[in-house]
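Every chain is numbered from 1, with letters handed out A, B, ... down the list of sequences.
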Amino acid sequence: MEDQNDDSSTNLIINYLPQTLTDEEFRSLFLSVGPISSSKIVRDKATNYSYGFGFVVYERAQDAQRAIETLSGLQLQNKRIKVAHARPSGDQIKGANLYVRNLPSHWTETELNKLFQPYGKIIQSRILIDLGTGLSRRVGFVLYDTRDEAENAIKCLSGKTPEGCTEPIMIKFADDNTKKIKQQAQVQYVPIPNFAAPGPMRTQPNRFQRFNPMAGNFNGQGPGMVPNQGGYTLFVYNIGFQATDRTLWQLFSPFGTVQKVNIMLDHEKNQCKGYGFVTMTNYQEAQNAINCLNGFFFQGRVLQVSFKNQNQQQPQQQQPQMQPQQQVTLGNQ
DNA sequence: TTGAATT
């Protein structure tokens, strides 16, 4: 690419993308902020497996900034995406990720960072949690800004026993993820609506559902579902008074094909009445959107999302005559 | 043998 006009202010890296997010969904999401010159989810060349991150280059720096402000932290399926300026790429930032074992079981990222930050700038760190028990698996990752810093940390910390601990920690460079291929394409994320595990509470309830590509059709109807030409309309309540059609678009399009969205407006106050409607093509995708977004904490409110027809809150979604809002229609854009 | 932060 020959986009060298101050790449650092327009080039964004997006982390923690859900595995099933498509390139089109990814692009649409960021297009909603402003014109972009390129977008890409980084994938394995052979299998197309998403590594869970991507890049977006905006045409204007102010749009890139706004994307960081409005989209970072957005919940997409089972992930909260992170949007940030990409660091200038180069050899020195490669191979800067460390794998750490034998961590004290009560440690969080805070303690991990405290131990590692004397040796360099930490870009990201995490401790793995056992999903069944909610307890630490006592392994984690520390990503430094540069390879040199990571090497330095290994030299200084490897085999050392941190203060107040009984065992030495083990450190090595993390595997190069771009060389590993998960052949089993994320098949088993079974919907477990009320997976109530005993033990410590999770930060996020595990009510997120993924599609199983082997069981039915990702874009089509699930087994036994009756196709509905009109689509499935969802009622979205408590979305706040600043919400626009774009808000609904951003929230729902990651879950599938959205036919139209419709924010109900208070024309006197010229603002949202606090609710709206979303029509999705596929039942399965609509149900998934409900599972993921109902009860989701969004901009200081708890969203309520349901099928419109199950609780007959509103008459018909007739478009008010004066409605100046254009409807977002998903076609081939 | 770990999650997924440099195209």
Side-chain angles (χ1 to χ4, degrees), chain A residues 1-4 7-21 23 26-27 30 36-58 64 67-68 71-73 76-103 105 107-109 112-113 116 120-133 135-150 153-154 169-186 188-189 210:
Chain A
M1 324 298 180
E2 38 197 337
D3 268 83
Q4 285 303 359
D7 232 26
S8 63
S9 64
T10 54
N11 191 13
L12 301 180
I13 184 165
I14 295 86
N15 289 293
Y16 312 112
L17 296 174
Q19 175 53 226
T20 58
L21 191 75
D23 298 301
F26 181 66
R27 186 179 180 83
F30 286 87
I36 61 187
S37 48
S38 69
S39 68
K40 162 177 206 179
I41 295 177
V42 180
R43 296 178 184 277
D44 180 81
K45 286 196 181 84
T47 65
N48 215 36
Y49 176 86
S50 162
Y51 291 126
F53 66 94
F55 296 91
V56 171
V57 183
Y58 277 96
I68 292 173
L71 296 178
S72 195
L76 293 185
Q77 300 170 42
N78 58 336
K79 303 274 182 141
R80 283 173 81 82
I81 66 169
K82 181 177 175 187
V83 184
H85 287 293
R87 290 174 288 162
S89 62
D91 285 343
Q92 76 281 2
I93 69 173
K94 290 180 181 150
N97 198 18
L98 299 180
Y99 173 64
V100 191
R101 283 192 297 141
N102 256 357
L103 295 170
S105 48
W107 271 28
T108 65
E109 275 83 5
L112 189 62
N113 289 342
F116 280 83
K121 178 182 176 188
I122 297 172
I123 300 299
Q124 191 264 135
S125 70
R126 79 188 300 141
I127 290 175
L128 304 187
I129 301 297
D130 184 288
L131 283 178
T133 65
L135 300 175
S136 168
R137 295 169 63 180
R138 305 186 55 208
V139 303
F141 292 88
V142 176
L143 173 66
Y144 279 105
D145 188 32
T146 67
R147 171 90 182 184
D148 288 349
E149 294 167 339
I154 288 191
I169 56 167
M170 310 298 241
I171 312 176
K172 52 173 275 203
F173 283 108
D175 287 351
D176 180 357
N177 57 35
T178 61
K179 285 182 185 140
K180 275 177 47 175
I181 301 160
K182 291 227 171 121
Q183 293 290 358
Q184 289 297 349
Q186 305 321 85
Q188 284 318 338
Y189 287 81
R210 285 195 188 178

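- Rounded to an integer number of Å, the gap from CG of Asp23(A) to P of dT7(B) is 17 Å.
- Judged by distance alone, the side chain of Ser72(A) and the main-chain N or O of Val83(A) form a donor-acceptor pair under 3.5 Å.
- Dashed line: the shortest gap from a side-chain N or O of Arg43(A) to OP1 or OP2 of dT7(B) is not under 4.0 Å.
- Arg101(A) comes within 4.0 angstrom of nothing in the nucleic acid, heavy atoms only.
- Which of dT7(B), dA5(B), dT2(B) sits closest to the side chain of Lys82(A) comes down to dA5(B).
- dT7(B) atom C1' lies 11 Å from atom CG of Asp7(A), rounded to whole Å.
- Residue contacts shown for Leu128(A) are limited to sugar-phosphate atoms, with no base heavy atom under 4.0 Å away.
- Nearest-nucleotide assignment on DNA chain B puts the 5′-proximal partner with Tyr16(A), out of Tyr16(A) and Phe55(A).
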**Message:** Between Phe141(A) and Asn97(A), does the side chain to side chain contact (heavy atoms under 4.5 Å, CB included) criterion hold? Intermediate values first, please.
**Reply:** CA-CA 7 Å; Phe141(A) 292 88; Asn97(A) 198 18; 3.9 Å; yes
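- Residue side chain Asn11(A) reaches the base of dT7(B) through a donor-acceptor N/O pair under 3.5 Å, judged by distance alone.
- The side chain of Lys94(A) has dT7(B) as its nearest neighbour among dG3(B), dT7(B), dA5(B).
- The distance between atom CD of Gln124(A) and atom C1' of dG3(B), rounded to the nearest whole Å, is 9 Å.
- Between the CZ atom of Phe26(A) and the C1' atom of dT7(B) there is a distance of 11 Å, given to the nearest Å.
- By the 5.5 angstrom centroid cut-off and the 30-degree plane limit, Phe141(A) is classified as stacked against the base of dG3(B).
- Here dA5(B) presents its P atom at 15 Å from CD1 of Ile122(A), a figure rounded to the nearest Å.
- OP1 or OP2 of dA5(B) has not a single side-chain nitrogen or oxygen of Lys121(A) nearer than 4.0 Å.
- Rounded to whole Å, atom P of dT2(B) lies 19 Å from atom CZ of Phe173(A).
- Gln124(A) meets the side chain to side chain contact (heavy atoms under 4.5 Å, CB included) test with Tyr16(A), Arg126(A), Leu143(A); sequence neighbours excluded.
- In this structure, CD1 of Ile171(A) is placed 20 Å from P of dT1(B), rounded to the nearest angstrom.
- With rounding to whole Å, Leu143(A) atom CG is found 15 Å from dT2(B) atom C1'.
- Residues forming a side chain to side chain contact (heavy atoms under 4.5 Å, CB included) with Asp145(A) (at least two apart in sequence, or on another chain): Arg87(A), Ile93(A), Lys121(A), Ile123(A), Glu149(A).
- Within the 3.5 Å criterion, the main-chain N or O of Ile127(A) finds a donor-acceptor partner in the side chain of Glu109(A).
- Here Lys45(A) lies out of heavy-atom contact (under 4.0 Å) with every strand.
- Taking 3.5 Å as the limit, the base of dT6(B) and the side chain of Lys40(A) contain no donor-acceptor pair of atoms between them.
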